[in-house]
Q: 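Following this message is one structure expressed as structure tokens.
Note on naming: letters A, B, ... go to the chains in the order of the sequence lines (proteins, then strands), and numbering restarts at 1 for each one. The basis for the numbers below is simple: all heavy atoms, side chains too, and nothing from hydrogens, waters or symmetry mates.
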There are 2 protein chains.
Amino acid sequence: MSDTPDGAGALPPPGEPSLDEQIAAYQREFQDLDPQVEKVVSALGRLNRRMNVAYGRQVSELGISNTEWEVLKTLVLAGAPYRLGPGELAKRLGLTPAAMTHRIDRMASEGLVTRDRDENNRVRVIVELTDEGRAKWLEAMRMASAFEEDLLQDLSSDERGVLGDVLIRLLRRVEDAQPDAGGRLKDLDPDED
Amino acid sequence: MSDTPDGAGALPPPGEPSLDEQIAAYQREFQDLDPQVEKVVSALGRLNRRMNVAYGRQVSELGISNTEWEVLKTLVLAGAPYRLGPGELAKRLGLTPAAMTHRIDRMASEGLVTRDRDENNRVRVIVELTDEGRAKWLEAMRMASAFEEDLLQDLSSDERGVLGDVLIRLLRRVEDAQPDAGGRLKDLDPDED
DNA sequence: GGTGAAGACTTCAAAGCTAAAGTTAGAAGT
DNA sequence: ACTTCTAACTTTAGCTTTGAAGTCTTCACC
């Protein structure tokens, strides 16, 4: 029902070498490289990059930015009255409290959230999703899930299951590998091949 | 030979819900969601995020930032004399030329690259990797590939092959899905679940 | 019930990015 | 040769984020 999602999808940056070219080039420069490993890692990085571009394009049609969408998602994930404090939001989004303050400023001025002091504890602030914010989230979610289903459409249900399981194993492995600071590391680059 | 890579690995942001919790919450709020699809997509996003944190930690031990490492990689990928113009670099990295100018400034002042006018065409500038830059790249590459092999160590060779192929199919699908601008979209968020 | 410490934001200065305007060298037409 | 166009950066202004330094409650202890 949607062979080409909408305006979704993302082309590679013009001059970028193809995956195979890239791996071949790395091997020339660094013999110890395992091409199979590199293939997986590079494909993962590129796929993610393209997907983020696609998400960004989609939500921008709704007049919100990708970063604003992140905040909407986090509030919805919190459930029911869709409230969280700036500190908690910052923690979950991996931002500094300072950045959170500014983001909330913007989003409040756009009517996506409200910001109020907690009357029971006037040190705390409560950020709450507005109806408009919730509506935007819903629209974005609809677009995103359509895009995601389209993306995976060539995979059989079995393949999807296996892919999910493998990714989760990898995820566990990264998280188990020498824990330390956790979150909020500067310079997380979106572009990682 | 390396069960815990080094100082690699990345913990989830403290307050973040687990993948399963997250998917359950989304389903509560949005019935149409296909949990299998969401599982794949969320795992992909998280995995990538954690990996970028890990890369960032590793290269910072070498005194370079993740963004600088990107530039080093691009120059090495260009091959042989490791030269590219700022414009070409910007295109491949998905940056604006303005940002590239500043990045090159920093990297030149740190001795990672040189910046010279092309004597044959004085409008052009040539950015060239220094020996130090190349050495940094090599060290970073060694750390990264060790980390990557460790990450995939629980997967059989078959699994790695299949995973790579599936990811490449997905990659093709994103790129084929309605091409348009390509690269350089503002607001590519690193954090995307 | 006064003082000190801790917690939860907010403010400020500086880094790095984008978009748009500005420069400068080479190319094209007349 | 003179003007105009184009290409390839660089500069400028404004935004978003970070890290560090406030500010303002609330809580604990004396």
Q: For nucleotides 3-7 of chain D, which of its nitrogen or oxygen atoms have a protein nitrogen or oxygen under 3.5 Å away, and what is each distance?
A:
none

Q: In whole Å, what is the span from the CD atom of B:E70 to the P atom of C:dC17?
A: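 Going from B:E70 (CD) to C:dC17 (P), I get 11 Å.
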Q: Could you go over nucleotides 13-17 of chain D and give all protein N or O partners under 3.5 Å, atom names and distances?
A:
| unit_1 | atom_1 | unit_2 | atom_2 | d |
| --- | --- | --- | --- | --- |
| D:dT17 | OP1 | A:R103 | NE | 3.1 |
| D:dT17 | OP1 | A:R103 | NH2 | 2.8 |
| D:dT17 | OP2 | A:R106 | NH2 | 2.9 |

Q: May I have the distance from A:M100 (atom CE) to C:dG7 (atom P), rounded to whole angstrom?
A: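 It is 22 Å, rounded to the nearest whole Å.
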Q: Determine, for B:K73 against B:E70, whether the closest basic-nitrogen to carboxylate-oxygen distance falls under 4.0 angstrom.
A: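 Answer for the salt bridge query: yes.
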Q: Let's see if you get this right: which residues in residues 109-121 of chain A place a heavy atom under 4.0 Å from DNA chain D?
A: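 Under 4.0 Å from DNA chain D: A:N121.
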Q: Sequence neighbours excluded, which residues qualify as salt bridge (charged side-chain N to carboxylate O under 4.0 Å, His left out) partners of A:R106?
A: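 Salt bridge (charged side-chain N to carboxylate O under 4.0 Å, His left out) check on A:R106 returns nothing, list empty.
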Q: B:S157: what forms a side chain to side chain contact (heavy atoms under 4.5 Å, CB included) with it, not counting sequence neighbours?
A: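 Once residues adjacent in sequence are excluded, the partners of B:S157 under the side chain to side chain contact (heavy atoms under 4.5 Å, CB included) criterion are A:Q36.
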Q: According to side chain to side chain contact (heavy atoms under 4.5 Å, CB included), who are the partners of B:V40, at least two apart in sequence or on a separate chain?
A: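 Side chain to side chain contact (heavy atoms under 4.5 Å, CB included) check on B:V40 returns A:L152, A:L163, A:L167.
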Q: Could you go through B:M51 and A:V41, starting from their C-alpha distance and side-chain angles, then the distance that decides it, and tell me whether this counts as side chain to side chain contact (heavy atoms under 4.5 Å, CB included)?
A: CA-CA 10 Å; B:M51 286 177 67; A:V41 172; 4.0 Å; yes
Q: Do B:R173 and A:D150 touch side chain to side chain, with heavy atoms closer than 4.5 Å?
A: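 Yes; the side chains approach each other to less than 4.5 Å.
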Q: In whole Å, I'd like the distance from the CG atom of B:L89 to the P atom of C:dC17.
A: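 My rounded result for the distance is 13 Å.
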Q: Rounded to whole angstrom units, what separation is found between the CG atom of B:L84 and the C1' atom of D:dA8?
A: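 Interatomic distance, CG of B:L84 to C1' of D:dA8: 14 Å.
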Q: Going by side chain to side chain contact (heavy atoms under 4.5 Å, CB included), name the residues that satisfy it together with B:A98, two or more places apart in sequence or in a different chain.
A: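 B:A98: side chain to side chain contact (heavy atoms under 4.5 Å, CB included) contacts with B:T96.
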Q: Tell me, please, which residues at least two apart from A:R117 pass salt bridge (charged side-chain N to carboxylate O under 4.0 Å, His left out).
A: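 Partners of A:R117 under the salt bridge (charged side-chain N to carboxylate O under 4.0 Å, His left out) test: none.
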Q: Applying salt bridge (charged side-chain N to carboxylate O under 4.0 Å, His left out), can you list everything that pairs with B:D116, at least two apart in sequence or on another chain?
A: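 For B:D116 there are no salt bridge (charged side-chain N to carboxylate O under 4.0 Å, His left out) partners, ignoring immediate neighbours.
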Q: Output yes when B:E88 and B:R92 qualify as a salt bridge under the 4.0 Å nitrogen-oxygen rule, no when they do not.
A: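 Salt bridge: yes.
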Q: Indicate if B:L155 and B:V162 have the same hydrophobic cluster label, given that clusters are the connected sets of ILVMFWY residues with side-chain heavy-atom separations under 4.5 angstrom.
A: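 Yes; tracing contacts between hydrophobic side chains, which count when under 4.5 Å, links both residues.
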Q: Using distance only, find each side-chain donor-acceptor pair of residues 133-146 of chain B under 3.5 Å and give its atom names and separation, not counting sequence neighbours.
A:
| unit_1 | atom_1 | unit_2 | atom_2 | d |
| --- | --- | --- | --- | --- |
| B:K136 | NZ | B:L62 | O | 2.6 |
| B:S145 | OG | B:M141 | O | 3.2 |
| B:S145 | OG | B:R142 | O | 3.3 |

Q: Could you pick out which residue, B:T101 or A:R122, lies toward the 5' side of DNA chain D when each is mapped onto its nearest nucleotide?
A: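 So the residue in question is B:T101.
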Q: How does DNA chain D look in dot-bracket notation if pairs are Watson-Crick or G-U with both distances under 3.5 Å, crossing ones as [ ], other-strand ones as |?
A: ||||||||||||||||||||||||||||||
Q: Could you work out, with side chain to side chain contact (heavy atoms under 4.5 Å, CB included) as the rule, every residue matching A:S156, not counting sequence neighbours?
A: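 Expected list: A:D158, A:E159.
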